Amino acid sequence: MSALRRVKTWEISESEGSDAETKLDLKRDESSHIVTVSTAEDQSSDHKCKTFPSSSPIKTECSQINALSPPRPDPHGTPSPARKRRTKEEIEADRQVVREKKEARERQRATRAREKEERRQEQQSRKEAAENLKRLRPESCLKSLTVCLDPALLQQDGSDILLDTLATFEWRFTIESQQLPHSITWIRDLPQGEDGSVEEEQVAVVLGLSDFVDMVISVKKMLDSDGEETGMGSLLSPILECLNRDAKKVVTLLVTDSQPDYRNDACGVHLLDEMLQSKSGMENLDVEEVLVYLQLCKNITLVFLEGWQEVTNHVCAVTKALSKRPFKLLTERAELPFCVDGSWASGVRVERDGSGLIEVWSRQIQQLNRVSPAVASTVTAAYPSPQLLLQAYQSLESEEDRKGLLAGLLVKSGGKERRVGPEISARVYRCLTAHNPQLVLD
């Protein structure tokens, strides 16, 4: 009794199985390791238990039976439902959903890649535009210009002033033979990525006063011979040939002389008269006729200068103007080049809430002649919008009252008070009510 404890048994009823089937209950005793097996017959007759040692073959057989037999369903649990098989349509629909999601992801990936590429291209274009703009700045263009001097100019006294000035400014210059003798031309290097250079249209020809007088005499003879250019002076012939080859060339004759009284003569006509009368007896009208022919018919500009210092100043001025030319051409290519963003352009920004409209109304009034900002502020303070002013005009019966509606408004400017006056009042009235576009407001 001390060796055995309470033994639990499994009872098998006859209704649950056949008489030949016997189910064994196993219980290992903690102290004796003895297995007790009881059958239904033993329980019904004498309730005696048969014990077997734990090492008996019955234990092994019972273990195999329990391991091979399927688990018995729980009579109190809920049975799992049978798995429903999907149809081909459902499978195809699921596949279609998966394909659509994959295509959507691919589209999003392509969209992000395209947006990234567009941003990269936009940044690249902005960078290139900034570089081009920097390259077109006058200080940058000045470094790409080269002043070309004809060697014949160096034989004249005072030409070293021009060379010293160009060297002082660190401008590039070369000394090489030109198409026109005694001429000065300009060459511009092409931007990076483009090899070569282009020649500017400007050409300056330096002539002495005596050489120019000979040219005037030859032109006068040509005009007297009904416009025949044969027999023309040796200095003018190459100039006309150059103009015939390239009509875009702009030739400027720099007539210089070292006489001290030449500076105060208007266009050098007085000195020319003296020299021409001494050589050929030409009158003042004859000289003016020659000058008009050269300027209007041949597009040759004449500039009378005193010495090489003024010639140097003229060359420097032309060089600086050519350096500014590309940037000016860039700004003129805009649709409205005179409407440049900035405070100096008198632009007014109008927000979505309408702020800024009263400033636009004030600027509109200031467009009229002799209307100061103080007068415009006075009018806009009395009538904050054009519609209110038109309603005030409509409320008056006579034309004279409408014209003088704004005449009595006080304008405060510089600590003084004055009235708008009938003239400005009438002009504002005509500006807002006239139907004739050709009407002169003043």
Side-chain angles (χ1 to χ4, degrees), residues 116-150 153 159-176 178-180 183-206 242-243 246-254 299-301 303 305 308-349 363:
K116 183 178 180 180
E117 181 64 19
E118 291 177 355
R119 289 194 298 268
R120 188 190 67 80
Q121 293 180 358
E122 184 179 358
Q123 292 177 357
Q124 184 67 19
S125 61
R126 287 201 299 265
K127 183 179 179 180
E128 292 178 357
E131 292 177 355
N132 293 334
L133 183 62
K134 183 179 179 180
R135 190 163 49 247
L136 293 178
R137 292 287 182 183
E139 56 273 12
S140 300
C141 289
L142 196 59
K143 299 178 181 179
S144 63
L145 284 174
T146 302
V147 183
C148 302
L149 305 175
D150 189 77
L153 294 175
S159 59
D160 56 335
I161 299 177
L162 176 60
L163 298 178
D164 294 341
T165 303
L166 296 177
T168 303
F169 290 155
E170 296 182 354
W171 292 350
R172 296 189 304 179
F173 65 92
T174 60
I175 301 174
E176 56 185 10
Q178 305 295 319
Q179 296 180 358
L180 297 178
S183 65
I184 302 174
T185 59
W186 289 263
I187 295 178
R188 183 190 305 275
D189 294 339
L190 294 177
Q192 295 180 356
E194 301 180 11
D195 297 334
S197 59
V198 294
E199 187 176 354
E200 297 289 345
E201 294 85 359
Q202 298 290 333
V203 178
V205 180
V206 182
C242 179
L243 293 176
D246 190 357
K248 294 182 179 180
K249 290 291 184 180
V250 180
V251 179
T252 303
L253 298 181
L254 304 180
N299 197 22
I300 299 176
T301 305
V303 179
L305 302 175
W308 270 92
Q309 183 60 52
E310 292 189 1
V311 173
T312 302
N313 296 339
H314 179 84
V315 172
C316 294
V318 174
T319 305
K320 291 181 180 179
L322 291 176
S323 66
K324 298 177 181 178
R325 184 179 180 183
F327 188 76
K328 290 184 177 180
L329 292 177
L330 179 64
T331 56
E332 290 176 358
R333 279 200 295 265
E335 184 177 358
L336 295 176
F338 53 86
C339 296
V340 182
D341 295 336
S343 58
W344 65 271
S346 301
V348 178
R349 183 179 180 86
R363 297 291 178 86

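The chain is numbered in sequence order, starting from 1. Being a predicted model, the structure only gives us computed values, none of them experimental.
Of all heavy-atom pairs between L153 and S183, the closest is CD1-O, 3.6 Å. Considering every non-hydrogen atom in both P326 and S323, the closest pair reads CD-O, 3.6 Å. For the residue pair S140 and R135, the shortest heavy atom distance occurs at CB-O, 3.5 Å.
Using a 4.5 Å heavy-atom threshold, the side chains of Q123 and K127 count as separate. Counting only heavy atoms from C-beta outward, the side chains of W186 and V147 approach each other to under 4.5 Å. Side-chain contact between L180 and T185 is absent, with no heavy atoms from C-beta onward closer than 4.5 Å. Contact of the E176 side chain with the C148 side chain is registered, since non-hydrogen atoms from C-beta on lie closer than 4.5 Å. Side-chain contact between I184 and H314: absent, with no pair of heavy atoms (C-beta onward) separated by less than 4.5 Å. The shortest side-chain heavy-atom distance between L145 and L322 falls under the 4.5 Å cut-off.
Contact check on R120 versus E117 returns a salt bridge, with a Lys/Arg side-chain nitrogen under 4.0 Å from an Asp/Glu carboxylate oxygen. Between E122 and R126 there is a salt bridge, with a side-chain nitrogen of the basic residue lying less than 4.0 Å from a carboxylate oxygen of the acidic one.
Evaluation of the side chain to side chain contact (heavy atoms under 4.5 Å, CB included) rule for T312 yields I161, L162, T165, C316 as partners, not counting sequence neighbours.
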Pair I300-L243, side-chain contact (heavy atoms from CB on, under 4.5 Å): steps then yes or no: CA-CA 9 Å; I300 299 176; L243 293 176; 3.9 Å; yes
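Here the rule is salt bridge (Lys or Arg N to Asp or Glu O under 4.0 Å) with R188, and of E199, E200, E201 only E200 fits it.
Within a 6.0 Å radius of CD in E170, no more than 12 heavy atoms belonging to other residues, nucleotides or ligands are found.
Note that CD1 of I187 is 11.0 Å distant from CG of L190, once rounded to the nearest 0.5 Å. Atom CD of Q202 sits about 10.0 Å away from atom OG1 of T319, to the nearest 0.5 Å. Atom-to-atom distance recorded for K324:NZ and L142:CG is 10.0 Å, nearest 0.5 angstrom.
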